[in-house]
Amino acid sequence: MVETLTPSSSSRWSQFHHPRPWITSLFSNPKTLLTILWIAVIFSVLFWQKDATTGILFFRRDFPVREMPKLRTVAFNLTEFGGVGDGVTLNTAAFERAVLAISKLGKKGGGQLNVPPGYWLTAPFNLTSHMTLFLAEGAVILGVDDQKYWPLMPPLPSYGYGREHIGPRYGSLIHGQNLRDVVITGHNGTINGQGQAWWKKYKQRLLNNTRGPLVQIMWSSDIVISNITLRDSPFWTLHPYDCKNVTIKNVTILAPIFNAPNTDGIDPDSCEDMLIENCYISVGDDGIAIKSGWDQYGISYGRPSKNIIIRNLVVRSMVSAGISIGSEMSGGVSNVIVENVHVWNSRRAVRIKTAAGRGGYVRHIAYRNLTFVNVRVGIVIKTDYNEHPAGEFNPKALPVLEDISYTSIHGEGVRVPVRIHGNSEIPVKNLTIRDMSIGITYKKKHIFQCSHVQGRVIGTVFPAPCENLDLYDEQGHLVRRSGSQNASDIDYDF
């Protein structure tokens, strides 16, 4: 049936399809129209922002809202499963029984395992989904230092190699794979890897497999690690691998600053949507090292690390750097913010390290409000970190380094404030330094070192920047254009 319009229905139709008088008058008034346009401009400013590094407008996208874990409806005590906290009894079976009990509660929201005060010696054990591991004040989980208790696992697919040796690698003390909704927290209880025996065997070359991390979570999502102390890991301390939605906060990570090889604090590896905040880290290697796979294996695996915020940290590293990206970054690293970080008594403060053969990229990295105290080298970009896995790698797989900014960088007692070492094959592109004042310990030449870098310095920067960079005043007006971006002024002896 075709509906026909009666006079009354035609009148109703016209009410919806003819412009109302107030709309017509609104757009016919020039002042009103100008007001509407200004509102539109202000709205666009609020939702669009200019990237100071690239000068390109991007739609501002905040990091995803993280869903915090729900409170568990069921809680167990480790002693209910036969745990004995005397520092001598092996509690591996008690942990395994407790995890098994929690694994059956997934549909009910999972369960919490409370570890009471005491010294709970254990071999490596696995976590399960929808689980909270809660360490009370005075609770210490001790990793057994006899390597026969540590299982061997296949190499990580993005490394294709145990990292220190060909073939399998040792698993971590606390491990998890393909999990969701896992919390490790407490009243600052401790997980202690008792790594001293491992470090000694490593230096004596008595190990045939790569040492294991202290805590490793793989292929998992919705992970929260907070309010605990991690110390003396055999190898890397906290290693989230190919995970999404990870929060690490209020964590203390400790290892001897010397003679504790490769005891990185936190290694986000091919991770996405991650927050690290309010931590204290003092270790025998990098405080934090963002990674995404090693050479041809990382390129093939193809999982970048992206959308990572690191903020409000105090870090010390006498051997390596406070905050690093790489050197294993073959899957790519992008969209990283490092802010409000204090690096003290360290060899290097913030470093990006890569080499030919890595492939991948490091881009859209923003450092801001950093303080360096008694640091040998402050800002480092290194493109000849030539450490490669066994077998052939492709030297033509060249990484891309671009869109990197440093804003509000201050410090004292620094020997070399800046060392940006690009090369003809791997130039550093679109680098920005703004508002930097660093007290130096050696008033000589070559303290602001550059090679094959294109970018800009904006406003006041001390010490005087290298001539590779364009110079702008505080208002963004060009003062001096660089004519020597490929000049090299690198001096590793200084």
Between the main-chain N or O of [Y] and the side-chain N or O of [X], is there a donor-acceptor pair closer than 3.5 Å?
X      : Y      : answer
Ser292 : Gly332 : yes
Asn468 : Ser484 : yes
Arg211 : Pro234 : yes
Glu339 : Arg311 : no
Ser346 : Ala321 : no
Asn386 : Ala355 : no
Ser226 : Ile248 : no
Arg419 : Asp491 : yes
Arg434 : Ser408 : no
Asp146 : Lys148 : yes

How long is the span from the [atom1] atom in [X] to the [atom2] atom in [Y], to the nearest 0.5 Å?
X      : Y      : atom1 : atom2 : result
Ile379 : Ile438 : CD1   : CD1   : 5.5 Å
Tyr280 : Leu254 : OH    : CG    : 7.0 Å
Ile458 : Leu478 : CD1   : CG    : 11.0 Å
Ile228 : Leu238 : CD1   : CG    : 7.5 Å
Leu398 : Glu425 : CG    : CD    : 5.0 Å
Ser305 : Asp242 : OG    : CG    : 9.0 Å

Give a yes or no on this: more than 12 heavy atoms of other residues, nucleotides or ligands lie within 6.0 Å of atom [atom1] of [X].
X      : atom1 : answer
Gln204 : CD    : yes
Lys200 : NZ    : no
Glu412 : CD    : no

Applying salt bridge (Lys or Arg N to Asp or Glu O under 4.0 Å), name anything that partners [X], two or more places apart in sequence or on another chain.
X      : value
Glu467 : none
Asp145 : none
Asp384 : Lys382
Arg481 : Asp470

With sequence neighbours left out, write down each residue that passes disulfide bond (SG atoms under 2.5 Å apart) with Cys450, or none if nothing qualifies.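 Here the qualifying residues are Cys466.
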Please examine the side chains of [Y] and [X], heavy atoms only from C-beta on, and report whether any two atoms are closer than 4.5 Å.
X      : Y      : result
Ile440 : Pro417 : yes
Leu173 : Trp150 : yes
Gln216 : Trp236 : no
Leu156 : Tyr297 : no
Arg456 : Leu469 : no
Ser327 : Arg358 : yes
Tyr406 : Met436 : no
Phe372 : Ile409 : yes

Tyr361 and Ser334: which non-hydrogen atoms are nearest, and at how many Å?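 For Tyr361 versus Ser334, the nearest heavy atoms are CE1-CB, 3.9 Å.
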For [X], which residues count as a side-chain hydrogen bond (donor to acceptor under 3.5 Å, both in side chains) partner, sequence neighbours excluded?
X      : answer
Asn208 : none
His342 : none
Arg347 : none

List the residues meeting ring-ring contact (aromatic ring centres under 6.0 Å, His included) with [X], not counting sequence neighbours, and say none if there are none.
X      : value
Phe125 : Phe95
His130 : none
Tyr170 : Trp198

Member of Leu401, Ile352, Ile288, Ile308 meeting the side chain to side chain contact (heavy atoms under 4.5 Å, CB included) criterion with Ile325: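 The passing option is Ile352.
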Salt bridge check: are [X] and [Y] linked by an N-O gap of less than 4.0 Å?
X      : Y      : result
Glu387 : Arg163 : yes
Asp273 : Lys244 : no
Lys249 : Glu277 : no

Are Arg368 and Asn340 close enough, and set up right, to give a side-chain hydrogen bond (donor to acceptor under 3.5 Å, both in side chains), and what steps lead you there? CA-CA 7 Å; Arg368 55 199 186 210; Asn340 305 334; over 6 Å; no
Taking it one step at a time, do Asp269 and Tyr159 satisfy side-chain hydrogen bond (donor to acceptor under 3.5 Å, both in side chains)? CA-CA 11 Å; Asp269 203 339; Tyr159 288 74; 2.7 Å; yes
Pairs satisfying salt bridge (charged side-chain N to carboxylate O under 4.0 Å, His left out), at least one member in residues 316-327, at least two apart: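 For residues 316-327: none.
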Stepwise salt bridge (Lys or Arg N to Asp or Glu O under 4.0 Å) check, Lys353 with Asp286: CA-CA 12 Å; Lys353 47 185 177 177; Asp286 291 318; 3.1 Å; yes
For side-chain hydrogen bond (donor to acceptor under 3.5 Å, both in side chains), just list the numbers for Gln296 and Asn394, CA-CA rounded to whole Å, side-chain angles, deciding distance to a tenth of an Å, and then say yes or no. CA-CA 7 Å; Gln296 66 269 32; Asn394 180 9; over 6 Å; no
What verdict does the side-chain hydrogen bond (donor to acceptor under 3.5 Å, both in side chains) test give for Arg231 and Thr190, after you've listed the backbone C-alpha separation in whole Å, the side-chain angles of each residue and the deciding distance to 0.1 Å? CA-CA 7 Å; Arg231 67 178 307 146; Thr190 299; over 6 Å; no
If we count only N and O atoms by modelled type, under 3.5 Å, do the side chains of Arg348 and Ser324 hold a donor and an acceptor together?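 Ser324 and Arg348 do not have a side-chain donor-acceptor pair below 3.5 Å.
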Test side-chain contact (heavy atoms from CB on, under 4.5 Å) on Ser424 and Asn486 and set out the steps. CA-CA 8 Å; Ser424 59; Asn486 294 337; over 6 Å; no
